[in-house]
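Presented below is the structure to which this report refers.
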Amino acid sequence: MPELPEVETIVRDIRPALVGRTIRRIRLSHDDVLRGVSRRKLIRRLTGARIQRVYRRAKHAVLELDSDRLVIQPGMTGSLVVHRRPLTADDARYAVLRAELDRGGELVYRDVRRLGTLLLLNPKEWERYSAALGPEPLDQEFSAERLGNTLRRSRQAIKKVIMDQRQVAGVGNIYANEALFAAGIDPSKPARRLGPDDHRRLHAEIRRILGAAIASNGTTFRDYRTGTGDSGNFQLELLVYGREGEPCRHCGTRLTGTHTIDGRISVFCHHCQR
DNA sequence: ACGAGGTCCTGCGAGC
DNA sequence: TGCTCGCAGGACCTCG
C-alpha cells in the first residue's frame with residue numbers, strides 16, 4: 001500500500017525515464033479512477049504534453065506537464081512502472097492508464113482494486129490542493145514542536161491524527177503502527193495527552209522509519225511494486241505491522257491486533273506502548 | 001469536535 | 001470442486 005516511502009521510491013525510479021519525454025498516446029481502461037476530470041479532457045490534455053518534472057507530495061506522484069499536473073494517488077493497490085518493452089499480458093491486466101512515450105517506452109498505472117485516483121490540476125489548483133495537506137515529515141519545517149502543536153489540539157487517538165493527511169503528509173497505516181511502537185506510545189491514546197517528550201520521540205521515529213523504508217525501497221505485502229516493477233524490502237524490518245499475535249521483539253509480550261481505531265488494523269505491544 | 005459507519009473496488013481465503 | 005460471503009483498506013462522506 002503505497003505510503004510516503006513507496007511513492008518516493010516509485011518517483012525516483014520512473015523520473016529518469018520520464019523527464020523531457022512527450023506523451024504520444026493515452027489509453028484509459030476505467031473512468032472511475034478520475035476525480036474532477038472527464039475521460040475526454042484527460043486524454044486531450046495529456047496527449048502531446050511534455051513531462052517537465054516528476055516528484056512526490058505526501059502519497060501522490062506528480063507529473064508536471066507543460067500546463068497541467070497529473071496527480072496520481074496509488075491508493076491501496078496502485079503501481080507506476082515505465083516499461084521499455086512491450087507489455088506482457090500480466091502487465092496489461094489491471095492497467096488503468098497507459099501513456100506511450102516518444103522515443104519508446106510506456107508509463108503504466110496499474111491498479112487492481114482501483115481505489116487509487118487520478119487528478120488533472122492546473123498550477124493554481126495544485127497549489128491549493130497541496131496547501132491543504134500537512135507538512136512533509138522529512139522536511140525541515142516538520143519539527144517536534146510543530147508536531148506537538150498539532151497533537152495538543154486533538155482529542156482523537158494519536159494514530160488517527162498522524163494518519164490524517166491534513167496534519168502530517170504521507171504517513172499511512174503501516175508506518176503509523178511502526179512509528180508508535182518505536183516511540184513507545186499506545187496508538188489509542190488521545191493525542192492531546194502526549195507530552196513534549198512523546199512529541200520528540202514520535203517526531204524522531206516517524207522520520208527515522210520513513211527514511212529507513214525509503215532506503216529499503218518500501219514495503220511490499222502483496223501489490224506494491226517499485227517504479228521498476230520490483231518488490232520493496234522493508235517488510236523484512238517491520239516490528240509490529242502484520243505481526244499480531246506474535247511476540248514483541250523487545251519484551252516478548254504477545255502483540256495485540258485491534259480494529260477499534262478508525263476501523264484499521266492497529267498492532268501494538270501493550271507492555272512497551274503506554 | 002468527535003466516533004461510527006457507509007462507499008468505492010476486486011481478489012482472496014474461509015466456510016460449507 | 002464450486003459456490004457464497006466477508007474482509008482488506010485510503011480517502012471521503014454523512015449522521016448523530
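The chains referred to below are lettered A, B, ... by the order of the sequence lines, with proteins before strands, and numbering in each begins at 1.
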### Message
Given C:dA11, B:dC12, B:dC2, identify the nucleotide with an atom nearest to the side chain of A:Q156.
### Response
B:dC2
### Query
Under 4.0 Å between a Lys/Arg side-chain N and an Asp/Glu carboxylate O for A:R69 and A:E125?
no
#### Entry: Between C:dG10 (P) and A:N177 (CG): distance, integer Å
10 Å
### Ion pair A:R12/A:E8, N-O distance below 4.0 Å
yes
### Task
Looking at every strand, decide which applies to A:N173 at a 4.0 Å heavy-atom threshold: base, sugar-phosphate, or nothing.
sugar-phosphate
### Query
Is any side-chain N of the basic residue among A:R110 and A:D91 closer than 4.0 Å to the acidic one's carboxylate O?
no
### Query
Are A:T228 and A:T226 linked by a side-chain donor-acceptor pair shorter than 3.5 Å?
yes
### Query
Would you say a side-chain N or O of A:Y241 is under 4.0 Å from OP1 or OP2 of C:dG9?
yes
#### Entry: Phosphate contact (B:dC2 OP1 or OP2) by A:K160 side-chain N/O below 4.0 Å
no
### Query
Rounded to whole angstroms, how far apart are OH on A:Y109 and C1' on B:dC9?
11 Å
### Pair A:K59 + A:E3, salt bridge at N-O below 4.0 Å
no
### Message
Heavy atoms only, 4.0 Å cut-off, all strands: where does A:H60 land among base, sugar-phosphate and nothing?
### Response
nothing
### Query
Between B:dT10, C:dC12, C:dG9, which one does the side chain of A:R114 approach most closely?
B:dT10
### Message
In this structure, is the centre-to-centre distance between the rings of A:Y241 and A:F221 below 6.0 Å?
### Response
yes
### Message
Under 4.0 Å between a side-chain nitrogen and a carboxylate oxygen: does that hold for A:E106 and A:R27?
### Response
yes
### Message
Just the rounded figure in Å: distance from P of C:dC13 to CZ of A:R166.
### Response
10 Å
### Query
CZ of A:R192 versus P of B:dA1: gap in Å, rounded?
11 Å
### Query
When we call it a touch if two heavy atoms are under 4.0 Å apart, what does A:E3 touch: a base, just sugar-phosphate, or nothing?
nothing
### Message
Assuming nearest nucleotide by heavy-atom distance, tell me which of A:Y94 and A:A157 is located more 5' along DNA chain B.
### Response
A:A157
### Interatomic distance where CG belongs to A:D31 and C1' belongs to B:dC9 [whole Å]
15 Å
### Query
What does A:Y224 touch in the nucleic acid at a heavy-atom separation under 4.0 angstrom: a base, only the sugar-phosphate, or nothing?
nothing
### Task
Starting at atom CZ of A:R222, determine the distance to atom P of C:dG9, rounded to an integer number of angstrom.
11 Å
### Task
Please state whether the phosphate of B:dC2, meaning OP1 or OP2, lies under 4.0 angstrom from any side-chain nitrogen or oxygen of A:S154.
yes
### Query
Can you check the A:K59 NZ to C:dA11 C1' distance for me, whole Å?
8 Å
### Task
Check whether any side-chain nitrogen or oxygen of A:H259 sits under 4.0 Å from OP1 or OP2 of C:dC7, and answer yes or no.
no
### Task
Name all residues meeting the salt bridge (charged side-chain N to carboxylate O under 4.0 Å, His left out) criterion together with A:R193; count only those two or more places apart in sequence or in a different chain, and write none if there are none.
none
#### Entry: Check: A:R264 side chain, C:dA8 base, donor-acceptor under 3.5 Å
no
### Query
Does A:Q165 have a side-chain nitrogen or oxygen under 4.0 Å from the phosphate oxygens OP1 or OP2 of C:dG10?
no
### Message
Let me test you: for the helix from B:dC2-C:dG16 to B:dC16-C:dG2, what is the angle between the axes at its two ends (five pairs each), rounded to 10 degrees?
### Response
60°
### Query
For A:D262 and B:dA4, what is the distance between atoms CG and P respectively, to the nearest whole Å?
9 Å
### Query
Hey, does A:D32 reach any base, or is it just sugar-phosphate, or nothing, if we go heavy atoms under 4.0 Å?
sugar-phosphate
### Message
Nearest to the side chain of A:L115, heavy atoms from C-beta on, is which of C:dA11, C:dG9, B:dT10?
### Response
C:dG9
### Query
Reckon A:R155 touches a base, only the sugar-phosphate, or nothing at all at heavy-atom distances under 4.0 Å?
sugar-phosphate
